[in-house]
Each structure stands twice: as structure tokens, then as C-alpha cells.
Amino acid sequence: MTLTDRQQLSYIASQAADARLNVELETEGMTLNIGPQHPATHGTLRIICRLDGEQVVWAEPVAGYMHRGYEKLTEVRTFPQVTTLVNRIDWLGSFANEVPFILAAEKLMEIEAPPRAQVIRTILFELSRIANVSLFLGDLGVQMGAITPVFLAFRDREYILNLIEGATGGRFHPNFDRIGGLKDDLPKGWIEETRGAVKKLEQFCDTIDDLLFGNEIFQSRMRGIGIIPADIATDYGLSGANARASGIDWDLRRDQDIPLSYDLADWKVWTHPDGDSWARCWIRLQETRESCKIVTQLLDQIPAGPVMTKVPRIIKVPEGEAWVSTENPLGEMGYYVVSKGGLGPFRVKIRSASFNNISIVPWALKGVYVPDVITILASLYFILGDIDR
Amino acid sequence: MGLVDKSRLPAPLTKLFNMSRSYSLWVYQWGLACCAIEMGAAFGSPRYDVMRLGVIPLPASPRQADFVCVSGTVTDKMAPAVKRLWEQMPEPKYAISMGSCANCGGPYWDSYSVTKGVDQIIPIDVYVPGCPPRPEALLEGVVLLQQRIKNEDMAAKWRGDEFTTLQRTRAMEAGEVDRDGELINVPTAPTLETAQAVDSVRPEPIVVGGGPIE
Amino acid sequence: MAPLSDDTTIKDGPSTDAPAALPGDGLREGIIDNLRSHIGEAIVDTKITPNDDLWIRVSTEAWLTAGQALKNAGFTYFCFLSGLDWMPSPYGTGEEDPDDEPKEPDTEIVQGYTGGETRFQVFARLTDLNRHVGVTIKADVPDDRLVMESWSHLFAGANWHERECHEMYGIGFDNHPDLRNMYLPGDFEGYPLRKDFPLLARMVKPWPGIVDVEPMPAEDEAESPVDDKGDES
């Protein structure tokens, strides 16, 4: 859209008139409180903004409405019991929460899951990423007043939830990962069904790409809004798609040596140089496609063999400390596990992605307009349980 | 309004009103944790489609809602907000507690920051157990609530002497609330006497699937 | 920044079972040497788990300078910061059988990797995104004054982590802009992650102990061997 000179001049004149009016009227600051229960906050996050006119001069997220005390509770649970808890940190991609904890425990015990279990873990990990991010893509429309995409997301997400339920028995919280492998093998016919469902999800990505990312309103509300430069991103510890959208080429699936089977598949880490809201959403869309690709390729490569190594009936983890983090749907999710040789961990520090991703909000919201608050928050993508733990 | 709670309506009229009310329920979604997504699936997705039951899931505010679905973990920090939401809703009002956390604390039964059951704060009509319950379970909870509404004595419900007023008076006597009805110590379990007095008037809560709430 | 030596310096030793050091371990030793050239004797102890990870403990006073030196050395990605309470919990771990005779609670404070002298420690993790290596850095918090130097001006992300740490452990941070509570309601008393903070619900209703153990699939292997593709059997 190009402006004529006349239009431009009238725009400048109106801006100048506004400015004069502002000086005359001396608009007083106003405090806008969003939340703790607000449709645009994905849960119970409360945001206090101090406004000058339409502009945010200061913003502060108030977390803690979902603080459940995970780190304390893990100290009074045994290692196998902890997975039940940590499922519920990021509740949209539950299986992905179990994996780093189990890997940390396995690292301390110096055992490794059999290859078949590793591949199935990776498949389920990616399926939970698809389940998570597809809802994000659907919800993105709601933030801008488009209701349709969320219906599409809920419809297509059910295919993935059915698969997860078929393999693990739980739609939401699988609790399927065990120290030393997996609880069970895949059920009959699951592989074929997964192929079909993943194709449907690929179509869903295409639909969202057309419907949302091709939409002019969506573009004008996302492009150039909420820019986060790379050095600020690393300073705040932004991870996952938020970091990659700022041009940081960093993906823990590729960049660390971890007993998951990502190297068996041919896939790509997407980055974007812009660092704006658009880039963050676009990266997530591409990642969902890559996840579909990973799943499809790994389905052909599931090796034969058991899904569980020999582990003692009552698991005691030797004394030591271990840090394992994986690339979860929201970003880097890690567990720092300290064991004293007992049945349960001595201390578990849960490094959740959203906590760091949201700590940038006071910085990112400074100077933006009120409607952009919602889109920036949506594009940073957080899950309350992942912030508060 | 005055007509309903002062005089007894003819039975056929009550039946008609109750049926109309039960099929035009505006639900306020108080989604807090994992269950909120399953609630979203039940209320917002084409697969489960709650609107066929006559439930409208999109009121603009609690002041327009007929029942609230509290789904997820209620923390001590959140509890005052839940209480306030409940007070903002107009009578007659109902509440569904969805998921183990809202029912009794669930997996966080020993946590230092979680309220062990939303029924410590607001009266619950239907408990939906599960962690999280499937959307179908929530839909069954809605159906059970509709059945309760159909068989209700409207005058009693309208007068509100079923639970809220009585609880408030008793609680004021016990020193748990101040004159404005704000709980002094939030959250706090009602005293034994209050609880017994309330239980004698209040209808038994429904548990989806029967059995104890766990 | 000192150039990192890539010589892997495979140590001659009697143990042949130990995994051979990969180039990564040489890199980790280079990181320690580089840090030592900046903060010198402030490095109290280090630990390298072969092919895996690196721990460095610095003295309390050098907490901020060590962070600065690591940031200058390329560790620009701030992962997390938190605290550790090494006192054994006086309430047990919740896994004891309630019918058993209650054991004398263990009170000896034993620190983990890289040792320590105090009950509380702070630890943080930084990552170098270019060299793909991370480091866990620890420091003692003096028992008489639970205050550390704040990292919030070094890494902006440390702001929230220090608030969390303050709330959970009561460890203060000097020069922190805003050490408010972030999770708990204002009238909450105590520091939940300290080991001597009791979980009241557990006091009222003790855990019944381990009552059942799920049978492991691997144990039934002899009876039902896993097929080539379990899903097509």
C-alpha cells in the first residue's frame, strides 16, 4: 500500500495536532491491569501496564497464580513418582517434560535406554511438540479476533492426542517414560495411524499458513512489532523459537549430545533474522512442519528390541549431580538433579523455558501500544505452569 | 423476580421455567491449569460441541454467567480472586469443579501453596474427577447439573437460603467473615459447626461417576 | 580471551575403564584455565565429568567477577540461577515406612560436586552458544550473612531468578533492583525450599510408604519375547 503525498501530509498534520493536544492536556498516566484471568493471557498471568495515552511506559508481569511448589514436592517423592508431577509443568506437551528428567536420572545411574525406546521417545517427544504448538497456532488468531483457527487447531489436535493416548494411555499426561526405557511397547497398528495423522497435521500447517500468515491484518499487527535483538535475547536466556526468531542458531536437539534419535532424521533448524512477533510465530509454524517430518522419518526406523533395560525393582539413584536439558516445545527445559543416593532426589532445580521467556516482558513491552501488548505476549508464547512451576 | 421467591409457582410453570433455565446455561470458564485445555476442548472444539446441550460458553463477564466451571489448580494466591468471581455472579448460580486439583488438591495434596479443594472457598454442585478429566466427563457433569436444575424448587433457590446466605450468617457469627462478607482468613476451611449447618440445608453435591472425590 | 588449547592431554593412568577424554574435555579444561587467568585463586574447586559437564566453584567474593569473566569468555547465554540447601531435611524424605522406628535425623551437611563449607550455596548455569558448551558455577553463601552480589546487571535474566531464589531460600542479593516476592502471597511466612520448612499436609497425613512396585516389562521378557516390531505382532 503506497500513500499519496496528500495522504502523508494529512497524516503528519494530524500527528502534530495530537502532539499539541497532548502537551496542552498533559494526559495523566493510567494503570491498566490485565488479568489474572483474561482470555489473552493464556491462563492466570497478570500484567500491570502503566500507560501514557495509548503507549505502555512500564509493564510488569505478576506471576505466581499457578505456583504449586514443584521443586519442594520433588524432594518428598521417589524418582519414578516425580514424572507424574513434572508432566503437569507444560501441560500442552506433557511427554516432553518427562524426558529430560528421566535422562538426568539415567545419567546419574549410568544406564541408557535401548535404541528402540530412544526412537519411540523421540517420536512421542515430537508428537507432544506438535500437540503443543498446533494449539499455539490456533490460539494466535484469537488474540487478533479471529476465532476460526482455534477450532481448526482443536479439531486437528485431537488426532495427535488420540495417538498419544493410544500409545501411552493418557491423553494429556502420559507418564509413560521410565528410568531405563518406556513403560510399554507401541500398540498394534499405531505406526500406520501415526502416518495418517501426521499428514493431517501437515495439512493443518498449510491451512494456518494460508489463513493466518497470509492474512493482511495478521501481518500488519505482527511485522515489526516487539523486536528483540539477539544479544538481549541471550541476556535474558530466551530459548527455543523465541531465540531462533532473533537469529540465534541454537537448537538443543541438534547441538548437544543426547540419547535421543534426532540424528536419524533429516531435518532443519529454522532461524529468522527479524526478531519480531511475526518471526516468532513463523518459526513455530516451520517447526511444526519439521516435527512432522521427523516423526514420519523415524517411523520407518524404529529398531527391533526391548523397550526397557534391566533396572532394579526399587530404583536408587547413586550420589551425584546431573544437568540435562532438551529442546521442549517452549524452549530449553532442563533439570538439575542432585541425588544423595536415596530413593528420591535431594534437590531438583527445574529450569523451565517460559520463566526466562517471560522475564523479558518488562523490556519488550516498553513503548509499545496497548493492542500490541496482546500480540507480543501471544508471540512470546508461554504456559502458566511453565512459568510458575 | 419478586414473584418467584415470594409465592409458590404452579408446578407446570416451575417445570417449564426450570427446563428453560437448564437449556440456556451461560458458563463462565475459569480455566486455571491443565484442565483448562480439556475444558477448552469440551466447550470450544467442534468434536465435543457443548452448545448442543444448550450451554453457551462465552459470556462477557461473570455477571452474565449462570454457572462457573473451575478447572485446575487453585492456589492460595488465586483463592481471593475465585471468591470474588463467585460473588460477582448473579443468583441463581451453580459451580462445577473440574479435575482433581479443584476437587481436593490432586497431585499437590502436600504442597505449601495450593488450596486443597476449591470447595473451601465456594459451594460446588458437581465434582468432575480426573487428572485431567476427559471432555466427555465434563459434558456428563454438565448434563447432571441440568438434571438438578430441572428438579429444583425455584422459590428456595431464588431466596438463596439454600447455601450462600446461611453460610454467610453462620460464618459471620463464627468470626470468619467481616460485615461485607469478605472472608477474613482466605482460604480457610469452614468450621465444623458451619459445615454441618450448611450441609443440612445444602443439596448433596454430585460426583460424576459416583464414588468418593479423588 | 586466551586461545583455547585443543590438546586433549589424555592422562596416563592405571584405570583403563575410564572413558577416553574427548576433545570436549580439553575445551572444558581450557575454560577453567582461561577463567583462572582472570580471577586467579578465586577458583576454589572444579570438576569435570568426562565427556559430559563442567562445574566450577568460586569464592563468595568472586561471584560477580567470575560471572563477568565467563560472560567475556563467550558464555553469553544465561540459563538459570538458583540456590542449594545442603542440610538434610529434619523431616525425612517422605519415603520411610511410618510403622518403622523413627530414625535419628541425619544432620551432617555434605555438599555435592566441588564441595563447599556453608549450608547454602548459589549456583548458576551459563552456556556458550558458539562452542556448544555449558558450565555450572557455584559459590558458598556465608552462614552469618545470607547475601550475595547480584548478577542482575550482568545478565538481565538473572533478575527474576534472584527474586525467586530470595523468596525460596531467603538469600539476599546486593544491588538487586527489586527483590520482591514473585510467587507467594504477601503474608506467607518462611522460605519454602529450605530443608527445614515443613510440608504441613504431610505432617497431618503421613505418606503410607512404598506400598506397591510396578512390574518392569524387562522382567517378563523371558515369557514373552519382544517381536521385531511390537506393534505388528
Side-chain angles (χ1 to χ4, degrees), chain A residues 35-39 41-44 46 62-73 75-77 81-82 84-94 131-132 135 138-139 142 147-148 150-159 161-162 165 170-173 175 383-386 388-389, chain B residues 28-51 57-62 68 70-82 84-85 88 99-101 105-116 130-137:
Chain A
Q37 173 73 3
H38 190 267
T41 57
H42 299 261
T44 50
R46 178 174 159 210
V62 182
Y65 288 99
M66 203 32 53
H67 179 65
R68 293 155 290 180
Y70 271 105
E71 293 180 13
K72 185 76 177 176
L73 294 188
E75 290 171 11
V76 287
R77 303 249 189 304
Q81 284 171 345
V82 170
T84 322
L85 272 187
V86 298
N87 261 175
R88 289 156 178 80
I89 292 179
D90 159 16
W91 46 66
L92 286 180
S94 302
N132 185 319
L135 197 59
D139 203 41
V142 178
I147 302 283
T148 320
V150 76
F151 292 129
L152 294 178
F154 268 122
R155 185 195 68 190
D156 289 341
R157 196 168 169 268
E158 289 287 334
Y159 298 123
L161 291 184
N162 281 352
E165 187 181 16
R171 251 166 80 86
F172 251 58
H173 301 314
N175 197 14
I383 281 173
L384 249 291
D386 205 36
D388 294 345
R389 302 187 298 275
Chain B
Y28 193 67
Q29 309 181 29
W30 190 258
L32 295 166
C34 335
C35 295
I37 311 297
E38 287 293 58
M39 182 177 70
F43 287 169
S45 89
R47 179 155 164 182
Y48 299 103
D49 187 20
V50 79
M51 289 207 198
L58 303 162
S61 85
V68 59
V70 181
S71 54
T73 321
V74 182
T75 57
D76 290 355
K77 197 172 176 177
M78 199 64 184
V82 175
R84 178 160 300 175
L85 155 107
Q88 283 179 358
S100 295
C101 297
Y108 317 109
W109 64 278
D110 49 354
S111 169
Y112 53 84
S113 59
V114 172
T115 307
K116 317 294 182 299
C131 189
R134 295 181 63 92
E136 292 95 328

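Chain letters run A, B, ... following the sequence lines, proteins first and then strands; every chain starts at 1.
- Heavy-atom distances place the side chain of A:Leu135, and not its backbone, under 4.5 Å from chain B.
- With a 4.5 angstrom heavy-atom cutoff, B:Ala36 does not touch chain A via any of its atoms.
- Neither the backbone nor the side chain of B:Pro133 comes within contact range of chain A; no heavy atoms are under 4.5 Å apart.
- Between the CD1 atom of A:Ile89 and the CE atom of A:Met66 there is a distance of 13.5 Å, given to the nearest 0.5 Å.
- In this structure, B:Gln29 contributes its side chain and B:Pro57 its backbone to a donor-acceptor pair below 3.5 Å.
- Side chain to side chain, B:Thr115 and B:Asp76 meet the donor-acceptor criterion of an N or O pair below 3.5 Å.
- Between B:Glu136 and B:Arg47, none of the side-chain N atoms (NZ, or NE/NH1/NH2) sits under 4.0 Å from a carboxylate O, so this pair counts as no salt bridge.
- With a 4.5 Å cut-off on non-hydrogen atoms, B:Cys131 touches chain A through its backbone and its side chain both.
- For A:Ile147, no part lies near chain B; criterion is any non-hydrogen pair under 4.5 Å.
- Heavy atoms closer than 4.5 Å to chain B are found in both the backbone and the side chain of A:Arg68.
- Of the listed residues A:His173, A:Lys72, A:His67, the one with more heavy-atom pairs under 4.5 angstrom with chain B than any other is A:His67.
- The CZ atom of A:Arg157 sits 7.5 Å away from the CZ atom of A:Arg171 when rounded to the nearest 0.5 Å.
- Heavy atoms of B:Tyr112 lying under 4.5 Å from chain A belong exclusively to its side chain.
- How far OG of B:Ser111 is from OH of A:Tyr70: 9.5 Å, rounded to the nearest 0.5 Å.
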